[in-house]
Amino acid sequence: MSVPTTAEDREPNVAPEVERAALSIVVPLLNEVESLPQLHTEITLALATLDLVGPAEIIYVDDGSTDGSARILQGLFESDPRVQVIQFRRNFGKSAALAAGFRATTGRLVVTLDADLQDVPAEIPALLAPIRADEADLVSGWKADRQDPASKTVPSAVFNRVVRLMTGVELHDFNCGFKAYRDEVLDELTLYGELHRYIPVLAHVRGFRVAEVAVPHRPRRYGRSKFGPARFFRGFFDLLTVLFLSQYTRRPLHLFGLIGVITFGLGFLIDGYLAFVKLALGQPIGHRPLLTLGVLLIIVGTQFIVFGLLGEMIAHHAHISTSANGRPTDYSIRRVLRHDQPADD
Ligand SMILES: Nc1nc2c(ncn2[C@@H]2O[C@H](COP(=O)(O)OP(=O)(O)O)[C@@H](O)[C@H]2O)c(=O)[nH]1
Ligand SMILES: [Mg+2]
């Protein structure tokens with residue numbers, strides 16, 4: 001059986017006899033054995049300051065830790081009824097861990113935070129404030145004064161700027177692990193690979209209101225950072241994925257067709273010109289490099305158009321299969337007002 005890597009089939013409606021949590025905390029972690037006890041204490045203290053209307057749940061997702069984190073989590077589970085632990089068989093990555101955690105949540109509000117004590121749990125109320133005031137559906141933390149080495153902060157600044165430019169989502173810090181969500185955002189989020197970096201973008205594309213709150217950040221005290229420079233390469237490819245998925249999944253021909261028509265058109269013009277040279281002016285053209293270029297452009301252009309048509313076929317098929325099981329993916333509904341049905345809370 002495969003590990004759930006999407007939040008798609010998360011059960012939005014829990015059976016009535018199961019009491020829904022008012023708040024779910026999700027903590028994805030990898031080898032954070034020294035930090036966990038203090039983290040849990042701090043989360044507990046933060047929860048005590050919130051006037052929640054129901055119980056809270058704290059879901060730790062152990063993504064294949066090998067340092068004894070599992071033992072600590074076992075202890076937390078036994079001593080605190082609010083704790084739930086999901087242990088992966090091996091390391092599947094942060095997106096997978098978040099997806100599994102999200103799927104397990106029952107809360108109307110969900111908060112995620114890093115396990116390394118760099119995020120400050122006491123800020124949870126501040127992060128939830130815009131959602132509680134109905135000003136946002138997703139609130140992302142902004143490590144305004146980030147306590148990490150320059151080898152991290154500098155590439156991260158570039159990364160955030162590029163993402164801001166390309167997506168139009170005005171956040172300073174896309175990849176902050178400290179975020180708060182309204183549960184309906186999670187129902188529509190499909191997380192896999194390393195897409196967790198783009199959660200605010202994915203939510204924005206579906207029309208959710210994304211806000212940002214500056215949060216303090218502490219230097220790492222225990223253990224070591226798990227994300228090296230390779231993250232930025234992967235992050236770049238993921239950005240292409242997100243841009244493509246958000247703009248063109250439903251209309252791939254618009255992208256590929258445009259490229260194809262331009263390329264084909266250029267080739268056609270070039271070869272038309274050569275035909276004129278040959279037929280009207282009677283000059284030989286067989287030796288001209290331009291001929292090769294023209295032919296190449298026509299072939300490549302045709303291929304792009306065919307890619308686009310193939311993409312349309314896939315999109316069409318995907319559309320049929322998603323609408324058949326009643327889960328529309330093309331749009332996102334905030335609320336329905338109907339006279340024959342009570343409004344959903
Ligand atoms: N589930 C999961 N969590 C991870 C993984 N790598 C790191 N983390 C967690 O993600 C958080 C941030 O990781 P960290 O290494 O501190 O990254 P940094 O803060 O950007 O240096 C910490 O809570 C880590 O335990 C992973 O592969 N899977
Ligand atoms: Mg960290």
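As the structure lists them, so they are numbered: ligands from 1, and atoms in each ligand from 1.
Crowding of Tyr248 atom OH: a count of heavy atoms from other residues, nucleotides or ligands under 6.0 Å exceeding 12. Crowding of Arg161 atom CZ: a count of heavy atoms from other residues, nucleotides or ligands under 6.0 Å not exceeding 12.
His172 meets the ring pair (Phe, Tyr, Trp, His ring centres under 6.0 Å) test with Trp142; sequence neighbours excluded. In terms of the ring pair (Phe, Tyr, Trp, His ring centres under 6.0 Å) criterion, residue partners of Tyr60 (sequence neighbours excluded) are, by chain and number, His40.
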Inset, instruction - Decide side-chain contact (heavy atoms from CB on, under 4.5 Å) for Ile199 and Leu138; before the verdict, give the C-alpha distance in whole Å, the side-chain angles of both, and the deciding distance to 0.1 Å. - result: CA-CA 9 Å; Ile199 289 176; Leu138 188 170; 3.9 Å; yes

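The aromatic rings of Phe256 and Phe244 are tilted relative to each other, their planes meeting at an angle between 30° and 60°.
Taking 4.0 Å as the cut-off between side-chain N and carboxylate O, Arg218 and Asp148 do not count as a salt-bridged pair.
A cation-pi arrangement, defined by a distance under 6.0 Å to the six-membered ring centre and an angle within 45 degrees of its axis, is absent between Arg90 and Phe88.
Closer than 4.0 angstrom to ligand 1 by heavy atom are Pro28, Leu29, Leu30, Glu32, Asp63, Asn91, Gly93, Lys94, Ala97, Asp114, Ala115, Asp116, Gln118, Arg146, Lys152, Arg220, Ser225, Lys226, Phe227, Arg231, sorted by chain and number.
Using a distance-only test at 3.5 Å, with no hydrogens or angles considered, no donor-acceptor pair links the side chain of Asp183 to the main chain of Thr106.
For the Mg ion (ligand 2), protein N, O or S atoms under 2.8 Å: 2 in total.
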